[in-house]
2 protein chains.
Amino acid sequence: MERRERADAARNRRAILRAAEELLRMHPPEQVSVERVAAAAGVGKGTVFHRFGSRTGLMRELMAERVRELEQAVAEGPPPLGPGAAPADRLAAFLDAVARLAARNGNLIAAHEHAVATRKAPEQPRQENPIYLSWHRHVSGLIAQARPDVDAEEIAHMLLGTLHMEPIAAQLRAGRPERLAAAFATLVRALLGEEGRSDG
Amino acid sequence: MERRERADAARNRRAILRAAEELLRMHPPEQVSVERVAAAAGVGKGTVFHRFGSRTGLMRELMAERVRELEQAVAEGPPPLGPGAAPADRLAAFLDAVARLAARNGNLIAAHEHAVATRKAPEQPRQENPIYLSWHRHVSGLIAQARPDVDAEEIAHMLLGTLHMEPIAAQLRAGRPERLAAAFATLVRALLGEEGRSDG
DNA sequence: GACAAAGTTGACCAGTGGTCCATATATTAA
DNA sequence: TTAATATATGGACCACTGGTCAACTTTGTC
């Protein structure tokens, strides 16, 4: 089983991703239709759906590309982002990294949201965005370590949800993550205080 | 100037709002198109656009209807929701009320978001949702009173943004505001602590 | 070179939000 | 009542969307 992708298919996949990237850099998401991406990549529209399943799938793949680096730093990089630091410090570092990552890719996040909001054929039963799931697991785990008495999952949703808030997303798209990062820091300090600081 | 709305126009406006309400109760937002609303209300599609300007405008009007009561309680009702209580208590009460209001109208919020996300003709320059603006002003003002040292505006966005988070919105749509309300309380307590408790 | 598996394609579909204007109706003044 | 005018109406129409599919082409393998 598992034959690898044919050479022409791989070439087209790359062409499509690069074309989508380029178009998103120049235009707002709602103007980047699948047909335009296909044309810019020099392939037929059907090919895009073949490779990525849906407009949403295309955007998701694009996001996944940008996120791999952070995922790795979290899993096996040096503290405070990687394992080893106290939960509160890891959390602060992670949220800071997320804010900066989001600032570098604000338009892409917007495009992904737009794709989700306008999709016609709801994907197979509740296939949630795996990036979000993984971030949520991480944040929620860190909170739970430092403060076992609070509803860590719910609060993790609140913190991460910030990235989807239009007024804040606009700040990020403008390339200014500092304000969000500072607000994250304030909340982490208020919530975890010193509890999580020395090896919770 | 300012002639009042013609009688037939007023009748149709009500019919459209009620029809939209009804459809939204039975179907997910993406299945409630302007055309369907018009048909259910027994009017032509053009009439809906005439009255409400856009799909977004229709949803906004629907939301405004449900929100008036809370607005009034905040402006002139008894404490802790209304004026008079300490900022921390007012904030806790307000967020609790918002969570409960959202739980009663989760599908409507979703419909409004969907309308914004799928609109074709961007409304006149940045006409932001006035309901959101007013809530944000309130929350942000209360935080600033109790904690002049933090970025109240940004944190207010974070708190209110929660309502738009899909996993939490799903809880609310299912009619269970308690978990969100509790998380709000945790954060308010952590952030404002006792500072805002006795007449900030 | 043959052959199957994999990939490509663009016409096509059902549907959308929004526009337009000839037509119908409510209101007011005479 | 009627005539005049401002307002309201409806639905064909538009440009466009994400997504499908059956006929066709290319690739990799033996």
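Every chain is numbered from 1 and lettered A, B, ... according to where its sequence line falls, protein lines coming before strand lines.
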Would you say B:Arg6 reaches D:dA8's phosphate, i.e. side-chain N/O to OP1/OP2 under 4.0 Å?
no
From CD of B:Gln31 across to P of C:dA14 the rounded distance in Å is 17 Å
Atom CZ of B:Arg51 and atom P of C:dG17 are separated, to the nearest Å, by 19 Å
### Message
Determine whether a donor-acceptor pair (one donor, one acceptor, N or O, separation below 3.5 Å) exists between the side chain of A:Lys120 and the base of D:dT17.
### Response
yes
Separation between CG (A:Asn105) and CZ (A:Arg173), nearest 0.5 Å, reads 12.5 Å
Do A:Leu108 and A:Glu21 come close enough that some side-chain heavy atom pair is under 4.5 Å? no
Between CZ of B:Arg4 and P of D:dA8 the distance, given in whole Å, is 11 Å
Worksheet item: Is the centre of the B:His136 ring less than 6.0 Å from the centre of the B:His157 ring?
Response: yes
From CG of A:Asp8 across to P of D:dC24 the rounded distance in Å is 20 Å
To the nearest angstrom, the CZ-C1' distance between B:Phe49 and D:dG11 comes to 13 Å
Requested in this report: Respond yes when some side-chain nitrogen or oxygen of B:Thr47 is under 4.0 Å from OP1 or OP2 of D:dA8, and no when none is.
Outcome: no
Atom CZ of A:Arg13 and atom P of C:dG7 are separated, to the nearest Å, by 10 Å
note: B:Arg36, atom CZ; C:dT16, atom P; distance rounded to Å ~ 8 Å
Here the distance between atom C1' of D:dT7 and atom NE2 of B:His50, to the nearest Å, is 8 Å
With respect to the phosphate group of C:dT16, does any side-chain polar atom (N or O) of B:Ser33 fall under 4.0 Å of OP1 or OP2? yes
